[in-house]
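The structure appears below as structure tokens.
Here the structure is a predicted model, which means the values were calculated and not measured.
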Amino acid sequence: MPESTASALWQQRYGGSIDAADWRANPVIEHLLAHRSVRAYLEQPLPAGTLETLLAAAQSASTSSNLQAWSLLAVEDPARKERLAALANDQAHIRKAPLFLIWLADFSRAQRIAEQRDVQLQAPAYLDSLLVGSIDAALAAQNAVVAAESLGLGTVYIGALRNDLQAVIDELHLPPLVFPVFGLCVGYADPQQPAAIKPRLPQAVTLHRETYGVDGEAERVAAYEGTAAAFSHAQGQNTPGWSEQVINRLKGVESLHGRERISHTLNEQGLALR
């Protein structure tokens, strides 16, 4: 891999700067650095075997205690994608993408196995089990994203699937002990609306060594604000500054857009009761 290619990707990921004194590069790292969120898709079907390939990659991810406490629900029906899009903040890319994947934390399978053996499971009602299922689903999904991008496909995660969790559960006929963690659009990116590599916070802000420290954080975040603003301007976006976006997203319950009801729905599903 030409070093110039890796360096260019690194600079895009950090907004034009390389703040690591020493770093390594190879084709896998280049592939990861090139990730971008795709929100414009062609109406082009996926080749046969794509879903199965992505699932195999997903199932190759690590899983806590080998519980494999997640499932994948694939949606290709236009009518169902339309209904799910309406529930997820009316995001058009859910409709346009040929494949919409819903990643599920799933303890219902373990429950069915236990019932066959006349055993009562108590742990799924505890918060740690919800974390286990959700983390497992996230690890699996990211493997699928990397695999999809290696096949020339674009993806974007859909957290807004949790805005009306009960309605999504009803739409997908999910049984108790199953929770939709997020969605994922998969398809061919529309070259007329190319996605760009969005800059991330400097490593010096994100990385802590031995103990947690915040020395110099304010100055580095301020510098990142400029990088993020330049990126937004280049993309033709008129968005608030990064820090303002963070504050707006977290300062009030209204910014949760319905997700404040998640705990109630989880309890109804028999999860996170304790």
Which heavy atom of Ala167 sits nearest to which heavy atom of Leu87, and what is that distance?
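Looking at all heavy atoms of both residues, the closest pair is CB-CD2, 3.7 Å.
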Heavy-atom closest pair, residues Ala61 and Asn143
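Where Ala61 meets Asn143 most closely, the heavy atoms are N-ND2, 3.4 Å.
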Pairs in or reaching into [range]: which pass ring pair (Phe, Tyr, Trp, His ring centres under 6.0 Å), with residues at least two apart or in two chains?
range: residues 114-166; answer: Tyr157-Phe182
range: residues 34-63; answer: none
range: residues 67-98; answer: Trp70-Trp103
range: residues 207-229; answer: His208-Tyr212, Tyr224-Trp242

Decide whether [X] and [Y] are clustered together by the hydrophobic rule: side chain heavy atoms of Ile, Leu, Val, Met, Phe, Trp, Tyr closer than 4.5 Å, transitively.
X: Leu151; Y: Val186; value: yes
X: Val156; Y: Phe231; value: no
X: Val38; Y: Ile197; value: no
X: Leu250; Y: Ile262; value: no

Between Asp136 and Thr63, is a side-chain hydrogen bond (donor to acceptor under 3.5 Å, both in side chains) present by the stated rule, with each step listed?
CA-CA 5 Å; Asp136 268 19; Thr63 170; 2.5 Å; yes
[atom1] ([X]) with more than 12 external heavy atoms under 6.0 Å:
X: Gln44; atom1: CD; result: yes
X: Gln237; atom1: CD; result: yes
X: Asn238; atom1: CG; result: no

Please check if the side chain of [X] supplies one atom and the backbone of [Y] the other of a donor-acceptor pair under 3.5 Å.
X: Gln245; Y: Pro240; answer: yes
X: Ser129; Y: Ala123; answer: yes
X: Glu30; Y: Leu9; answer: no
X: Arg36; Y: Ala34; answer: yes
X: Gln193; Y: Asp190; answer: no
X: Arg13; Y: Leu33; answer: yes
X: Arg109; Y: Ala69; answer: no
X: Ser60; Y: Ala56; answer: yes

Can you tell me how far [atom2] of [Y] sits from [atom1] of [X], rounded to the nearest 0.5 angstrom?
X: Ile102; Y: Phe179; atom1: CD1; atom2: CZ; answer: 13.0 Å
X: Leu84; Y: Ile158; atom1: CG; atom2: CD1; answer: 10.5 Å
X: His31; Y: Ser150; atom1: NE2; atom2: OG; answer: 5.0 Å

Salt bridge (charged side-chain N to carboxylate O under 4.0 Å, His left out): pairs with one or both residues in residues 72-91, sequence neighbours excluded
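The answer is Arg80-Glu171, Glu82-Arg95, Arg83-Glu171, Asp90-Arg95.
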Qualifying salt bridge (charged side-chain N to carboxylate O under 4.0 Å, His left out) pairs with a residue from residues 46-55, counting only residues at least two apart or across chains:
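Not a single pair qualifies under salt bridge (charged side-chain N to carboxylate O under 4.0 Å, His left out).
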Side chain to side chain contact (heavy atoms under 4.5 Å, CB included) with His233: which residues, sequence neighbours excluded?
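Side chain to side chain contact (heavy atoms under 4.5 Å, CB included) check on His233 returns nothing, list empty.
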Residue list, side chain to side chain contact (heavy atoms under 4.5 Å, CB included) with Pro47, at least two apart or on another chain
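Per chain and number, Pro47 pairs via side chain to side chain contact (heavy atoms under 4.5 Å, CB included) with Thr50, Tyr188.
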List, by chain and then residue number, the residues other than Leu273 in its hydrophobic cluster (Ile/Leu/Val/Met/Phe/Trp/Tyr, side-chain heavy atoms under 4.5 Å); write none if there are no others.
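Via sub-4.5 Å side-chain contacts, Leu273 links to none.
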Remaining members of hydrophobic cluster (4.5 Å side-chain criterion), Leu32:
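Traced through the cluster, Leu32 reaches Val28, Val146.
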Residues forming a side chain to side chain donor-acceptor pair (under 3.5 Å) with Ser134, sequence neighbours excluded
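Once residues adjacent in sequence are excluded, Ser134 has no partner under the side chain to side chain donor-acceptor pair (under 3.5 Å) criterion.
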For Lys198 and Ser37, run side chain to side chain contact (heavy atoms under 4.5 Å, CB included): C-alpha distance rounded to whole Å, both residues' side-chain angles, the deciding distance at 0.1 Å, then the answer.
CA-CA 9 Å; Lys198 182 176 290 187; Ser37 294; over 6 Å; no
Residue pairs, two or more places apart or on separate chains, that pass side-chain hydrogen bond (donor to acceptor under 3.5 Å, both in side chains) and touch residues 261-274:
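Not a single pair qualifies under side-chain hydrogen bond (donor to acceptor under 3.5 Å, both in side chains).
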